Amino acid sequence: MNSPLLRVKDLTIDIPVGGGTLNAVRGIDFDLNRGETLCIVGESGSGKSLTSLALMGLLGGRIKRTASQMEFDGIDLTKANSKTMRALRGDRMAMIFQEPMTSLNPAFTIGNQLMEALLLHRNVGKEAARARAIELLEKVGITAAESRLSQYPHQLSGGLRQRVMIAMALMCEPELIIADEPTTALDVTIQAQILRLLVDLGREMNMAMILITHDLGVVARVADKVAVMYAGELVETGSADQVFNAPMHPYTRGLLRCIPQPGKTERGARLGTIPGIVPNLVGGVTGCPFRTRCDHAVAACRNAIPHRKPAENHRFRCVHETGHQTAETVV
Amino acid sequence: MLNFILKRLGLAVLVAFTVSFISFSLMFLSGDPAAALAGETASDQDVEAIRVLYGFDRPMLVQYWDWLSSALVGDLGESYYFKLPVSSLIAERLQVTMLLGLCGISFALLTAVPLGVAAAIRPNSIIDRIALFLSVAGQAMPSFWFGLILIVVFSIQLGWLPPSGTATWRHFIMPTIVLGYYAMPAIMRLTRAGMLEVLSSEYIRTARAKGASEFTVLFKHALRNAIIPVVSLAAVQMGFMLGGSIVVESIFALHGAGYLAWESIARNDLPTVQALILVFSLFYIVFTFLSDVLNAWLDPRMRAG
Ligand SMILES: Nc1ncnc2c1ncn2[C@@H]1O[C@H](COP(=O)(O)OP(=O)(O)OP(=O)(O)O)[C@@H](O)[C@H]1O
Ligand SMILES: [Mg+2]
């Protein structure tokens with residue numbers, strides 16, 4: 001069996017804040033094979049964006065990232081210097097951000113920004129880069145592609161800009177693409193269109209994709225793997241089938257209260273809401289972060305939480321072996 | 001872009017006309033010009049004679065038209081005091097002032113922009129502290145005092161630089177520093193603030209996500225956006241330097257236009273004052289126009305407006 005394209009073990013992100021350290025992401029493990037789509041779901045503030053920025057090496061100097069393993073195609077990202085990271089970014093791994101309105105530089109033309117990554121990473125001339133830019137603009141469904149090259153971001157609508165962002169990320173045919181809520185800022189009517197486009201192109205180019213989204217309907221349709229994140233931890237990971245059809249963690253089950261299923265769930269179905277608030281992550285976090293909102297919480301939830309593996313590739317963290325209180329666990 | 005330039009040019013010409021009318025009216029705001037010209041001891045007949053001789057008895061608009069049409073061909077009248085054509089008088093003095101102004105603004109920009117960028121890259125670092133110190137010092141120190149200190153140190157004690165005059169380029173070093181240092185703090189702070197804001201923006205993250213080098217991120221993606229407000233500020237300061245360097249011109253005995261303005265006001269030399277006000281205002285108009293064009297080139301969003 002081939003080794004995975006991306007392998008992450010025990011990824012932890014600490015942010016120094018006024019009152020101490022914010023343990024924003026704690027001990028995340030997952031891996032991703034070539035061509036696979038991993039969807040990360042979780043509430044706002046659970047650390048999804050931080051995780052994706054950490055993979056790209058874009059966290060910035062103030063934020064501390066540690067991991068016992070973080071490998072991209074055999075390259076150890078924990079030890080990679082900034083030069084290695086720069087060579088990977090935009091070439092072999094690319095990212096699409098949430099805000100198309102502000103993610104393009106207002107001072108440069110679409111063409112200039114599209115061609116930039118290709119000119120930087122590949123030994124191609126201006127003409128070839130231009131041709132590739134036109135090709136990709138057409139691929140992402142932009143009409144009159146050639147004339148768009150000389151336009152500026154402010155002349156484009158939000159949907160068009162996000163298409164440009166997608167084209168930009170695809171310029172070098174990356175092996176991994178990370179899309180952080182690529183459609184939340186867009187009109188509901190075009191969200192599905194853009195996501196569909198992204199996923200189709202990803203398949204066509206055999207790219208691995210990490211898709212962060214709130215849209216469980218999308219997850220149900222496109223995900224190979226699903227990772228459920230809660231307050232900085234991955235509480236459950238598994239294949240889409242496992243997570244949707246046999247959810248184990250109480251939080252996952254809460255999210256899936258509307259029970260979306262591959263192929264059956266409607267577009268735009270939202271995460272189920274769970275009462276209660278997310279714990280404060282400043283200062284040491286112990287035990288299960290979900291226990292304050294969990295119907296199955298017991299005293300043991302304050303202690304270290306075991307990793308459970310109900311099936312191959314399916315993992316969750318809970319004191320209860322099956323994710324709920326049973327006769328034996330009630331004390 | 002061409003459309004934008006033409007629009008701005010039209011606007012600039014309109015403003016120039018307004019300004020010319022105002023500077024012409026100044027002549028009348030300061031009392032009866034004939035009486036001023038005749039002097040305190042003149043008789044009423046003399047004043048009347050002068051009024052007719054200089055045409056002050058005609059309607060104001062006629063006089064304005066007369067004055068403007070001569071001004072357009074470079075005839076700004078004759079100085080009451082020097083009895084020389086104002087235009088040649090000003091032209092000579094402007095050479096010094098313009099040279100000084102250009103050197104001053106260049107010095108200010110060449111120190112302030114790199115310092116502001118460096119400070120923004122590492123906020124609260126040593127560089128940032130030094131930049132802050134220099135800018136506070138620059139704002140707190142009066143120009144005349146700073147100029148005198150320079151003269152004492154570099155001319156009198158060390159004997160490296162000439163203290164006054166305009167004979168060689170070395171005469172311009174200290175005036176340039178004093179004048180430029182006056183403009184430096186505001187430019188530096190604006191550059192720093194602009195860079196800080198731009199560097200935290202999402203399109204900078206996009207540029208990094210493409211694998212762009214730190215140099216490209218800073219100088220292609222960030223500076224171009226951060227420099228836009230600085231251009232407008234520098235244009236105003238440039239206009240200011242070309243008109244208002246009276247202090248610097250006096251300390252270093254550079255007989256430039258600022259000094260001439262001061263002298264002429266003291267001497268009630270109205271045609272000269274009037275012409276200088278016109279010229280200084282035109283500088284502002286020209287620099288504002290140039291900065292608008294430059295900004296539109298830097299920021300495509302402005303081209304529409
Ligand atoms: N630069 C930062 N400084 C301080 N706190 C931060 C910083 N970046 C993120 N955080 C905090 O870390 C937590 C996780 O943030 P993150 O942006 O990863 O959430 P998210 O899961 O992407 O949420 P959303 O769905 O709203 O995008 C949040 O509580 C956020 O406030
Ligand atoms: Mg986010």
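Within every chain, numbering begins at 1; the chains are lettered A, B, ... in the order of the sequence lines, protein sequences first and strands thereafter. As the structure is a computational prediction, the values presented were derived from the model and not from experiment.
- Within 6.0 Å of the CE atom in A/Met205, the count of heavy atoms belonging to other residues, nucleotides or ligands exceeds 12.
- Within the 4.5 angstrom heavy-atom criterion, atoms from both the backbone and the side chain of B/Ser213 approach chain A.
- Using a 4.5 Å cut-off between heavy atoms, A/Met165 touches chain B through its side chain atoms alone.
- Other residues, nucleotides and ligands place no more than 12 heavy atoms under 6.0 Å from the CG atom of A/Asn123.
- Few gaps surround CG on B/Leu6; more than 12 heavy atoms of other groups in view lie less than 6.0 Å from it.
- Environment of CD in B/Glu197: sparse, with no more than 12 heavy atoms of neighbouring residues, nucleotides or ligands closer than 6.0 Å.
- Contacts between residues 184-191 of chain B and chain A, counted as heavy-atom pairs separated by less than 4.5 Å, involve no residue at all.
- Nearest heavy-atom pair, B/Ala212 versus A/Glu116, reported as atom, atom and distance to 0.1 Å: CB-OE2, 4.3 Å.
- Residues of residues 51-61 of chain A that come within less than 4.5 angstrom of chain B, heavy atom to heavy atom, are A/Leu53, A/Met56, A/Leu58 in numerical order.
- The shortest non-hydrogen separation linking A/Arg89 to B/Arg208 is NE-O, 2.8 Å.
- A salt bridge is absent between B/Glu214 and A/Arg86: the closest approach of a Lys/Arg side-chain nitrogen to an acidic carboxylate oxygen does not fall below 4.0 angstrom.
- For OH of B/Tyr182, the number of neighbouring non-hydrogen atoms (other residues, nucleotides, ligands) closer than 6.0 Å is 12 at most.
- For the atom pair CZ (B/Arg205) and CD (A/Glu99), the distance works out to 9.0 Å, reported to the nearest 0.5 Å.
- In summary, the side chains of B/His221 and A/Gln113 do not present any donor paired with an acceptor at a separation below 3.5 Å, with no hydrogens or angles considered.
- Put simply, of A/His154, A/Met93, A/Met171, the one with the most heavy-atom pairs under 4.5 Å next to chain B is A/His154.
- Proximity to chain B at a heavy-atom threshold of 4.5 Å picks out A/Thr102, A/Ser103, A/Leu104, A/Asn105, A/Pro106, A/Ala107, A/Phe108, A/Asn112 from residues 102-112 of chain A, in numerical order.
- Of residues 222-232 of chain B, those residues lying under 4.5 Å from chain A by any heavy-atom pair are B/Arg224, B/Asn225.
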